[in-house]
Amino acid sequence: WFSGLYITLNIDEARQMLAALEIYATDCYNVTAQHKVQVNELETIEAVDNFDVSADYPDRLVFNMSKK
């Protein structure tokens with residue numbers, strides 16, 4: 001169940017989704033770690049204020065699931 005909807009997935013679909021989610025999470029973690037390094041190297045408050053914390057993240061995952 002997800003948001004009041006019953007969703008059926010076969011095992012292969014579920015595994016593919018989990019693998020995609022794992023890769024996505026790793027990519028997001030790597031971007032966050034790089035941002036931490038970059039922010040720690042900034043020397044002015046203005047530079048910190050202008051830092052784009054949303055830059056470089058991968059596009060959000062979209063899972064198309066059938067409803068029942």
Side-chain angles (χ1 to χ4, degrees):
W1 289 91
F2 179 75
S3 296
L5 300 173
Y6 179 74
I7 299 170
T8 303
L9 296 174
N10 69 42
I11 297 298
D12 289 334
E13 288 175 317
R15 286 183 177 155
Q16 289 173 352
M17 291 170 72
L18 285 172
L21 182 59
E22 182 179 8
I23 292 167
Y24 176 79
T26 299
D27 290 346
C28 288
Y29 177 84
N30 289 337
V31 171
T32 299
Q34 184 61 42
H35 282 183
K36 286 181 178 181
V37 170
Q38 292 170 340
V39 168
N40 283 330
E41 293 174 350
L42 299 176
E43 296 182 0
T44 66
I45 291 177
E46 182 178 300
V48 173
D49 286 343
N50 292 327
F51 187 82
D52 183 1
V53 297
S54 65
D56 304 320
Y57 283 97
D59 292 336
R60 288 184 180 185
L61 290 179
V62 175
F63 295 122
N64 295 314
M65 298 176 280
S66 60
K67 297 186 256 181
K68 290 220 176 184

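Being a predicted model, the structure only gives us computed values, none of them experimental.
Rounded to the nearest 0.5 angstrom, Phe63 CZ and Leu9 CG are separated by 10.0 Å. The CE atom of Met17 lies 9.0 Å from the CG atom of Leu61; values are rounded to the nearest 0.5 Å. Atom OG1 in Thr8 sits 9.5 Å away from atom CD in Glu13 (nearest 0.5 Å). With rounding to the nearest 0.5 angstrom, the CG atom of Leu42 is 8.5 Å from the CG atom of Asn40.
Val48 is not connected to Ile45 by any chain of hydrophobic side-chain contacts under 4.5 Å among Ile, Leu, Val, Met, Phe, Trp and Tyr, and they are in different clusters. Residues Val39 and Val37 do not share a hydrophobic cluster, defined by chaining ILVMFWY side chains whose heavy atoms lie under 4.5 Å apart.
Shortest non-hydrogen contact noted between Asp56 and His35 is OD2-NE2, 3.9 Å.
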Which donor-acceptor pairs under 3.5 Å do side chains of residues 22-34 form with protein atoms, sequence neighbours excluded?
{"residue": "Thr26", "atom": "OG1", "partner": "Glu22", "partner atom": "O", "Å": "3.0"}
{"residue": "Asn30", "atom": "ND2", "partner": "Thr26", "partner atom": "O", "Å": "3.3"}
{"residue": "Thr32", "atom": "OG1", "partner": "Cys28", "partner atom": "O", "Å": "3.1"}
{"residue": "Thr32", "atom": "OG1", "partner": "Tyr57", "partner atom": "OH", "Å": "2.6"}

